[in-house]
Amino acid sequence: MSKAVKRTIPVGKRRICIYPGCSLTASSRDFADSLFQMAKMAGMWVEELKDWNCCGASPAHSVNPEYATLLSGRNLILAQKQGVEDLYVVCPSCYIRLKEAKHKLANDEQMRDKLFQAYGTRYTGEVKVRFFLEAIEPGDEAIFEGHMNRSLEGLNAVIYYGCLMSRPERVTGFDLKHYESSIIKFVENTGAKVRDWGASSRCCGSHLAVSRPELADRLVDRILDAAIQAKANCVVTFCPLCQVNLEMRGTAKNRLPVFFIPELAGFASGEVKAEKWARRHLVNPMPLLKINRIL
């Protein structure tokens, strides 16, 4: 059993073990930082899976699905060896890859044998892969109200879930609709206004950004056009790949900043690191935040 499992958890804290994925350690460090701060508000003790590796999202599973299964399978083996019962995943793309690997390993004895040959440990299947939203049940959004001491009034947001969080449903078993009302309440509790729109689950084309950039641009333009038509001045999302794609791709002249939901918690609670997070964005959100006296 790893040291992570043996560590003493502060009284009243709930231990959450997460698989961060590559984005949270590179292009989306602000997401990771704000997520950990949000977890603290909710009384969680967050630990990373020790010695995790890339899940094989996009490049690996597109080129060699078997290798991608072995990459994600190693993370499941690590969680198994570290005594993790529920492995929470933050990135929807990583979530799909780990879920797909778990589904494949459960139904393919030959693949289980290959995983054993690669890592020397038998896959047993008891580790549950969960999306991070599952750590916060509907109604728990009230937990954060006591931390909100700064209104985000002036932010008119559309919530963008992306296309991966519940697809394919036969593999993920994740019901996003179960959480949608809580997500909206959480955003509105910060003082921001949530706009209705019809593009919350459209694909942004992040997986096509390298192979078909012109198609990714069109998909991003379609989403941003819908957001502007809804009179939004920002987009709020969970997915680090979607976030960077929506800020970097597209041909539209009118760009919108794309915030992570945990960032809103940081802005509303007066987190000292919040301005640092904001300044990392590819679309500069500072004018919007300054004019509304948020930062």
Side-chain angles (χ1 to χ4, degrees), residues 14 16 18 31 34-44 46 86 88-93 95-96 99 128-204 223-224 226-243 246 256-269 292 294:
R14 177 186 171 200
I16 299 292
I18 70 164
F31 184 22
S34 59
L35 181 72
F36 294 153
Q37 294 297 326
M38 182 177 168
K40 286 181 182 179
M41 293 181 195
M44 299 177 188
V46 178
D86 297 297
Y88 288 89
V89 187
V90 179
C91 171
S93 189
Y95 175 69
I96 292 296
K99 275 285 195 176
K128 298 181 180 67
V129 177
R130 300 189 182 278
F131 190 64
F132 191 78
L133 274 178
E134 295 179 82
I136 304 174
E137 283 298 314
D140 286 354
E141 68 276 357
I143 295 172
F144 301 98
E145 290 184 17
H147 299 275
M148 306 298 186
N149 51 34
R150 181 176 298 175
S151 175
L152 304 190
E153 185 178 356
L155 295 189
N156 298 312
V158 287
I159 299 176
Y160 180 68
Y161 301 110
C163 65
L164 288 174
M165 292 174 71
S166 56
R167 299 184 181 127
E169 190 174 346
R170 65 178 175 79
V171 173
T172 67
F174 181 76
D175 183 9
L176 177 61
K177 292 181 180 179
H178 181 65
Y179 297 92
E180 285 183 356
S181 62
S182 289
I183 294 167
I184 292 171
K185 286 179 183 177
F186 173 82
V187 174
E188 291 181 336
N189 283 346
T190 68
K193 182 176 178 60
V194 176
R195 298 284 185 179
D196 290 330
W197 72 324
S200 62
S201 297
R202 287 181 179 175
C203 178
C204 72
I223 292 168
L224 293 179
I228 291 170
Q229 288 176 20
K231 302 187 185 307
N233 56 21
C234 64
V235 179
V236 178
T237 189
F238 289 98
C239 178
L241 297 182
C242 294
Q243 191 273 345
L246 289 175
L256 295 178
V258 184
F259 297 116
F260 294 115
I261 280 191
E263 283 187 294
L264 299 187
F267 297 153
S269 64
N292 290 295
I294 294 171

T190 vs M148 side-chain heavy atoms within contact, under 4.5 Å
yes
In sequence, state the C-alpha distance, the side-chain angles, and the governing distance for M41 and S269, and then conclude on side-chain contact (heavy atoms from CB on, under 4.5 Å).
CA-CA 10 Å; M41 293 181 195; S269 64; 3.2 Å; yes
Are L256 and C234 close enough that some pair of their side-chain heavy atoms sits under 4.5 Å apart?
no
Positive for side-chain contact (heavy atoms from CB on, under 4.5 Å) with V158, one of T237, D196, V235
V235
Close side-chain approach of P92 and P240, heavy atoms under 4.5 Å
yes
For V236, all residues meeting side-chain contact (heavy atoms from CB on, under 4.5 Å), sequence neighbours excluded:
A157, I261, L264
For Y88, the ring pair (Phe, Tyr, Trp, His ring centres under 6.0 Å) test, sequence neighbours excluded, returns none
Take I18 and V89 through the side-chain contact (heavy atoms from CB on, under 4.5 Å) test and state the conclusion after the steps.
CA-CA 6 Å; I18 70 164; V89 187; over 6 Å; no
Taking only residues two or more places apart in sequence or in another chain, which ones pass side-chain hydrogen bond (donor to acceptor under 3.5 Å, both in side chains) with D86?
R130
Worked verdict on F267 versus F259 for ring pair (Phe, Tyr, Trp, His ring centres under 6.0 Å)
CA-CA 11 Å; F267 297 153; F259 297 116; 5.5 Å; yes
Taking side chain as C-beta onward, heavy atoms only, is Q37 less than 4.5 Å from P262?
no
Looking at L133 and I183, what are the two nearest heavy atoms and their distance?
CD1-CD1, 3.8 Å
Shortest non-hydrogen contact from I223 toward C203:
CD1-O, 3.6 Å
N156 CG to K231 NZ distance, which is reported to the nearest 0.5 Å
10.5 Å
Can you name the closest pair of heavy atoms from R195 and A230 and give their distance?
CD-O, 3.3 Å
Hey, does the side chain of N292 reach the backbone of S151 with a donor-acceptor pair shorter than 3.5 angstrom?
no
Kindly write out the residues that satisfy side-chain contact (heavy atoms from CB on, under 4.5 Å) with E180, not counting sequence neighbours, or none if the list is empty.
Y161, L176, K177
Counting only heavy atoms from other residues, nucleotides and ligands, does the tally under 6.0 Å from CD of E153 exceed 12?
no
Here the pair of heavy atoms bringing S200 nearest to Y160 is O-CD1, 3.4 Å
Quick one: pull up CD1 in I159 and OG in S201 and give me the separation to the nearest 0.5 Å.
11.0 Å
Side-chain donor/acceptor of R202 to backbone N/O of G162, under 3.5 Å
no
Closest approach of I16 and A135, non-hydrogen atoms and distance?
CD1-CB, 4.1 Å
Which pair of heavy atoms, one from F31 and one from S34, lies closest together, and at what distance?
O-OG, 3.1 Å
